[in-house]
There are 2 protein chains.
Amino acid sequence: MDMGNSHQVTIKDIARELNISPSTVSRALKDHPDISKDTKKAVSDLAKKYNYQPNAIALSLRSRKTNTIGVVVPQIVHFFFSNVISGIEDIAYDKGYNVMVCQTNELQEREEKSVQALLASRVDGLLVSLSKETKTYDHLRKVTDGGTPLVFFDRKSDDFDVSSVVIDDYEGGYQATEHLAKQGYKKIAHLAGPLNLTLSKSRYAGYQQALKDYGLDYRRDYVIECANGTIEEGYQKTKPLLDLRDKPDAVFAANDPAAIGALKAIKDSGLRVPQDIGVIGFSDWQLASLVEPALSSISQPGYEMGAEAARLMFKALEAAKGEEVEKENIVLKTNVISRESTQKK
Amino acid sequence: MDMGNSHQVTIKDIARELNISPSTVSRALKDHPDISKDTKKAVSDLAKKYNYQPNAIALSLRSRKTNTIGVVVPQIVHFFFSNVISGIEDIAYDKGYNVMVCQTNELQEREEKSVQALLASRVDGLLVSLSKETKTYDHLRKVTDGGTPLVFFDRKSDDFDVSSVVIDDYEGGYQATEHLAKQGYKKIAHLAGPLNLTLSKSRYAGYQQALKDYGLDYRRDYVIECANGTIEEGYQKTKPLLDLRDKPDAVFAANDPAAIGALKAIKDSGLRVPQDIGVIGFSDWQLASLVEPALSSISQPGYEMGAEAARLMFKALEAAKGEEVEKENIVLKTNVISRESTQKK
DNA sequence: CTGAAAGCGCTTACAG
DNA sequence: CTGAAAGCGCTTACAG
């Protein structure tokens, strides 16, 4: 007897063996009220025996639904993005959806091809975080024009009327600066991120506002742009700050590697952290707890971002056909993680 | 005119507009030699105009190939596994395949459901790293019984005659110990991983062999098991070692967090790293470079593991139907990353 | 050079 | 209570 080895058993196979029609088998399997008890039993027994699994591809073709969502992300290996993916995956799992993941490696061309491939695979919806390189959006226009729900996370384009989830960078910059001010630091410098990015500008703006609100001076020479955000760059760009006649007593770095570089530069110059100079970072990684002294940082809720983005996606997917879905643009709050590097007292 | 908005244009649509049959459109699109130049041009013009994309679902149903591979991984957020996924994704991208990723969160039940879901989605092949909990393998039997290629990575079961890629943990343990010996350390302790895991036992065995090869004493009281592998545990379990009358002059920890804990314990006790005691870890994360002193470590090639596993998968997928594919069980070498914590001289 | 038919695996309106 | 037919979007052997 053919045990269906290396050939997935189909409804037809069951129908043939039972001398009934495929239609009846199909109905029996979904417990349709029309079908007799006996037939149902015979069908379900055989289905169990042969470990029948409905062919999702065939279902997708009929229903025009794949129960799959696509995710396009700049880099899988970044701690932040892997958290986002994890959040998306957990929610999708609960909903019985599969997740296709593509990484762009920060290349627009690869982003375009990935979107294209996911569209060809007829994903039910697409979650996208733009590559740093991406300047044009035709590939995403195709998504929305085709009627496929699109949700942005972390890196969005404002050219689209779609839902999105981003971090509140302004608030993060504010929180970091406020935290330093509350710890008693008065002369707070800022190692900014690349200022062509909105997110860097927002953190910078939050920094300025917090200075104002806490009655501290804003000094242009206390702000230095770190274009790459590496440890090395943080180290090099902190040195001149320490050579100032009126040197800062705290540093807020817009990313953790730069903060770690600052930490080293300060220690190398013979000053103490946090007694002489406090340092706070902005966390892309989970590294901050390991340096010495442990680095205070602003945490970005990656997992939550993924879960929220997925939630917005399912909201769109579950809407009745044609029903207009209200777009949400969610801004997630950051949190201050206070560690040794800012414990002035 | 209907621009096909919110309805992907099909071959039928093009056929209708051109008053030809779908068969002809299909052939024209694939540049079939039978079709006239004029027809081809008309078809391809219209396809371009409407941005026609072949429906991959329909193709899959016909060809019984989805051009999708499934990945089942314990945790997406682990640096090591995210590297593996990244490696898989890059290779799959080059081959024009999509990747579905499921995480089990180390739960057997979720592993079973994920495998089941991927099978239902008719992935062409499955790459699996077992959850820590997994004790039975019926869900994976279904994969191989159904004729779907299976490849294990990192955590495998030996009950299957399938290809696999793992890390050479024995060699890694050997390398770590050898490195310490070559740096001039003589009394090398070992913070072992949970010894019910094969990988911990292998690292331990490599440690023992290297001691022997370098003429160093193996002392049972120099070996301590760290069940959780946390920083805290590494800290606590290192202290007794430092209280020994004849204390070790080096520590090989089977994982990085434990090594970092050891580092702290040693520094807290007033001893210096690397002058008094050398420390080397085994790297699950990318953290080792950040602690002070920077931690030497054994690196596990996660990206390469993913790329190799994908390569093995495509080897199976590209084999002619029915052709027997030779199974490969690849063991990837680790590398010594030498940093400050072992620079005795 | 082109088309009608069958089929991939399923569902469901229609008919009996 | 059950079945034949049509269709999801495509391809291809067969016929002309």
Side-chain angles (χ1 to χ4, degrees), chain A residues 4 6-44 46-47 50-68 119-124 146-147 321, chain B residues 4 6-44 46-47 50-68 119-124 146-147 321:
Chain A
S6 120
H7 155 73
Q8 297 272 1
V9 168
T10 69
I11 273 186
K12 256 169 114 173
D13 297 323
I14 296 177
R16 194 180 315 117
E17 181 152 343
L18 255 31
N19 267 317
I20 56 179
S21 77
S23 331
T24 303
V25 174
S26 173
R27 291 192 185 96
L29 285 170
K30 30 182 40 73
D31 204 24
H32 189 109
D34 274 0
I35 305 297
S36 77
K37 263 193 163 171
D38 291 353
T39 306
K40 279 181 186 169
K41 172 135 179 51
V43 167
S44 87
L46 212 54
Y50 289 147
N51 187 31
Y52 168 77
Q53 304 288 1
N55 184 324
I57 301 299
L59 293 172
S60 295
L61 185 58
R62 272 209 97 237
S63 64
R64 290 187 193 71
K65 283 197 56 201
T66 53
N67 281 295
T68 298
L119 233 36
S121 293
R122 296 298 196 270
V123 293
D124 292 337
K321 193 74 186 170
Chain B
S6 119
H7 155 75
Q8 296 275 1
V9 169
T10 70
I11 273 185
K12 256 168 116 174
D13 297 323
I14 295 178
R16 194 180 314 117
E17 181 152 342
L18 254 30
N19 268 316
I20 55 179
S21 76
S23 330
T24 302
V25 174
S26 172
R27 291 192 185 98
L29 285 169
K30 28 183 40 74
D31 205 24
H32 188 110
D34 275 359
I35 305 297
S36 78
K37 264 194 163 169
D38 291 355
T39 307
K40 278 181 186 168
K41 172 136 179 51
V43 167
S44 87
L46 213 55
Y50 289 149
N51 187 31
Y52 168 76
Q53 305 288 1
N55 183 324
I57 301 299
L59 293 173
S60 296
L61 185 57
R62 270 210 99 235
S63 64
R64 291 186 192 74
K65 283 197 55 199
T66 52
N67 280 294
T68 298
L119 233 36
S121 293
R122 296 299 195 268
V123 293
D124 292 339
K321 193 75 185 171

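All values derive from a computational prediction rather than experimental measurement. Just so it is clear: chains get the letters A, B, ... in the order the sequence lines come, proteins before strands, and each one is counted from 1.
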| Taking only side-chain nitrogens and oxygens of A:Arg122, does any of them come within less than 4.0 Å of OP1 or OP2 of D:dG9? | no
| query | Is any NZ, NE, NH1 or NH2 atom of the basic residue among B:Arg16 and B:Asp13 found under 4.0 Å from an Asp or Glu carboxylate oxygen of the other? | reply | yes
| said: Reading DNA chain C from 5' onward, which residue's closest nucleotide shows up sooner: A:Lys12 or B:Pro22? | reply: B:Pro22
| Inter-nucleotide C1' distance (C:dT12, C:dG16), Å rounded | 16 Å
| query | Are A:Leu18 and A:Thr24 side-chain neighbours, meaning at least one heavy-atom pair lies under 4.5 Å? | reply | no
| Can you tell which of D:dC8, C:dC10, D:dT12 lies closest to the side chain of A:Leu61? | D:dC8
| field | Heavy-atom side-chain proximity of B:Tyr52 to B:Leu46 below 4.5 angstrom | value | no
| message | At less than 3.5 Å, do the side-chain atoms of A:Ser21 and the base atoms of D:dA4 form a donor-acceptor pair? | response | no
| request: Using a heavy-atom cut-off of under 4.0 Å over every strand shown, decide if B:Asn55 touches base, sugar-phosphate, or nothing. | output: sugar-phosphate
| task | Look at A:Ser26 and C:dC10 and indicate whether a side-chain polar atom (N or O) is within less than 4.0 Å of OP1 or OP2. | result | no
| request: Using a 4.0 Å heavy-atom cut-off across all strands, classify B:Thr10 as base, sugar-phosphate, or nothing. | output: sugar-phosphate
| said: Does B:Ser60 reach a base, just sugar-phosphate, or nothing at all? Heavy atoms under 4.0 Å. | reply: nothing
| request: Please state how far atom CD1 in B:Ile35 lies from atom C1' in C:dT2, giving the value in whole angstrom units. | output: 7 Å
| query | Start at the 5' end of DNA chain D and walk down; is the nucleotide closest to B:Arg27 or to B:Ile57 reached first? | reply | B:Ile57
| task | Kindly say if B:Ser23 contacts the phosphate of C:dA5, meaning a side-chain N or O under 4.0 Å from OP1 or OP2. | result | no
| Watson-Crick or G-U pairs under 3.5 Å in DNA chain C, rendered as dot-bracket with [ ] for crossing pairs and | for another strand | |||.||||||||.|||
| Taking OP1 and OP2 of C:dG3, is either one under 4.0 Å from a side-chain nitrogen or oxygen of B:Thr24? | yes
| query | When you check the phosphate oxygens OP1 and OP2 of C:dT2, does a side-chain N or O of B:Ser36 lie under 4.0 Å from one of them? | reply | yes
| query | Considering only the P atoms, how many Å lie between C:dC10 and D:dC1, rounded to the nearest integer? | reply | 24 Å
| field | Polar pair under 3.5 Å, donor/acceptor by atom type, side chain B:Arg62, base C:dG9 | value | no
| Nearest-Å distance for atom pair CG/P, residues A:Asp34 and C:dT11 | 15 Å
| request: May I ask you to evaluate whether B:Ser63 reaches the phosphate of D:dC10, defined as a side-chain N or O under 4.0 Å from OP1 or OP2? | output: no
| said: Using whole Å, what does the distance between atom P of nucleotide D:dC1 and atom CG of A:Leu18 come to? | reply: 17 Å
